[in-house]
Enquirer: 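Shown below is the structure under consideration.
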Amino acid sequence: QVQLGESGGGLVQAGGSLRLACAASGRTFSTYSMGWFRQAPGKEREFVAGIRWSDSSKYYATSVKGRFTISRDNAKNTVYLQMNSLKPEDTAVYYCAAREYYSGNFHSTSFDSWGWGQGTQVTVSS
């Protein structure tokens with residue numbers, strides 16, 4: 001299983017931007033579909049964005065579409081999440097996740113089948 005480590009979280013004012021990065025190690029990164037998920041206090045973990053291993057197709061939650069962009073650099077074994085026009089409701093712990101050869105639905109995927117990073121806190125102040 002691939003090991004994941006997130007970075008780039010922090011405190012930002014509403015309307016600002018942050019770029020999260022997730023570095024992977026241990027296995028062939030290019031065969032992993034990658035996802036970003038988040039969990040706010042008192043809420044369940046939810047899908048944010050995903051990028052498919054085979055063709056780099058990208059998928060987004062409705063709440064972030066048009067504001068967030070997921071990308072990957074297979075040469076650097078890294079996936080990114082560029083977050084623009086941040087809102088207070090984006091405040092959460094953001095987790096990077098990996099699943100080898102995954103080609104299913106990112107929006108309804110089972111969390112149990114993914115490998116997870118430790119998470120990074122994103123706080124958006126109003």
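Along the sequence shown, residues carry numbers from 1.
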Enquirer: Quick one: list whatever passes side chain to side chain contact (heavy atoms under 4.5 Å, CB included) with Ser7, sequence neighbours left out.
Expert: Ala21
Enquirer: How about CD on Gln118, more than 12 heavy atoms from neighbouring residues, nucleotides or ligands closer than 6.0 Å, or not?
Expert: yes
Enquirer: Are Trp36 and Val12 connected in the hydrophobic side-chain network, where two residues link if heavy atoms are under 4.5 Å apart?
Expert: yes
Enquirer: According to salt bridge (charged side-chain N to carboxylate O under 4.0 Å, His left out), does anything in residues 113-125 pair up with another residue at least two apart or in another chain? List the pairs.
Expert: none
Enquirer: Which residues pass the side chain to side chain donor-acceptor pair (under 3.5 Å) test with Ser57, not counting sequence neighbours?
Expert: Asp55
Enquirer: Going through the checks in order, is the side chain to side chain contact (heavy atoms under 4.5 Å, CB included) test met by Tyr102 and Thr109?
Expert: CA-CA 10 Å; Tyr102 183 69; Thr109 186; 3.4 Å; yes
Enquirer: State which residues pass side chain to side chain donor-acceptor pair (under 3.5 Å) with Tyr94; sequence neighbours excluded, sorted by chain then number.
Expert: Arg38
Enquirer: Suppose we screen for side chain to side chain contact (heavy atoms under 4.5 Å, CB included). Which residues come up paired with Ala14, at least two apart in sequence or across chains?
Expert: Pro88, Val124
Enquirer: Can you give me the closest heavy-atom contact between Lys43 and Gln39, atom names plus distance?
Expert: O-NE2, 3.1 Å
Enquirer: Nearest heavy-atom pair of Cys96 and Val79: which atoms, and what distance?
Expert: SG-CG1, 3.9 Å
Enquirer: State which residue, out of Val122, Ile51, Val48, fulfils the side chain to side chain contact (heavy atoms under 4.5 Å, CB included) condition with Leu81.
Expert: Val48
Enquirer: What's the shortest heavy-atom distance between Ser125 and Leu11, and which atoms?
Expert: CB-CD1, 4.3 Å
Enquirer: Would a single hydrophobic cluster contain both Met34 and Phe111, if residues Ile, Leu, Val, Met, Phe, Trp and Tyr are joined by side-chain heavy-atom contacts under 4.5 Å?
Expert: no
Enquirer: Go through the structure and list residues passing salt bridge (Lys or Arg N to Asp or Glu O under 4.0 Å) with Arg19, not counting sequence neighbours.
Expert: none
Enquirer: Look at the side chain of Glu6 and the backbone N and O of Gly119, then say whether any donor-acceptor pair between them is shorter than 3.5 Å.
Expert: yes
Enquirer: Test your reading of the model: is there a side-chain donor-acceptor pair from Gln82 to the backbone of Thr69, 3.5 Å cut-off?
Expert: no
Enquirer: Can you name the side chain to side chain contact (heavy atoms under 4.5 Å, CB included) partners of Gln3, sequence neighbours left out?
Expert: Ser25
Enquirer: Indicate if Ile70 and Val64 have the same hydrophobic cluster label, given that clusters are the connected sets of ILVMFWY residues with side-chain heavy-atom separations under 4.5 angstrom.
Expert: yes
Enquirer: How would you list all residue pairs meeting ring-ring contact (aromatic ring centres under 6.0 Å, His included) that involve residues 57-93, not counting sequence neighbours?
Expert: Tyr59-Phe106
Enquirer: Side chains of Tyr95 and Leu4, heavy atoms from C-beta outward: is any pair under 4.5 Å?
Expert: no
Enquirer: For Asn74 and Ser30, work out which heavy atoms get closest and say how close.
Expert: ND2-CB, 3.8 Å
Enquirer: Determine the sole option in Phe29, Tyr32, Tyr101 for which the ring-ring contact (aromatic ring centres under 6.0 Å, His included) test with Trp53 is passed.
Expert: Tyr101
Enquirer: Side-chain contact, heavy-atom cut-off 4.5 Å: Met83 with Leu20?
Expert: yes
Enquirer: List the residues meeting side chain to side chain contact (heavy atoms under 4.5 Å, CB included) with Ala97, not counting sequence neighbours, and say none if there are none.
Expert: Phe37, Trp114, Trp116
Enquirer: Hey, what do you get for OG (Ser85) to NZ (Lys87), rounding to the nearest 0.5 Å?
Expert: 8.0 Å
Enquirer: So, using side chain to side chain donor-acceptor pair (under 3.5 Å) as the criterion, who are the partners of Asn77 when residues are at least two apart?
Expert: none
Enquirer: Taking only residues at least two apart or on different chains, which pairs with a member in residues 60-73 satisfy salt bridge (charged side-chain N to carboxylate O under 4.0 Å, His left out)?
Expert: Arg67-Asp90
Enquirer: So, for Arg99 and Ser110, which heavy atoms are closest and what is the spacing to 0.1 Å?
Expert: NH1-O, 4.3 Å
Enquirer: Show me the pairs that pass salt bridge (charged side-chain N to carboxylate O under 4.0 Å, His left out) and involve residues 108-126, at least two apart or across chains.
Expert: none
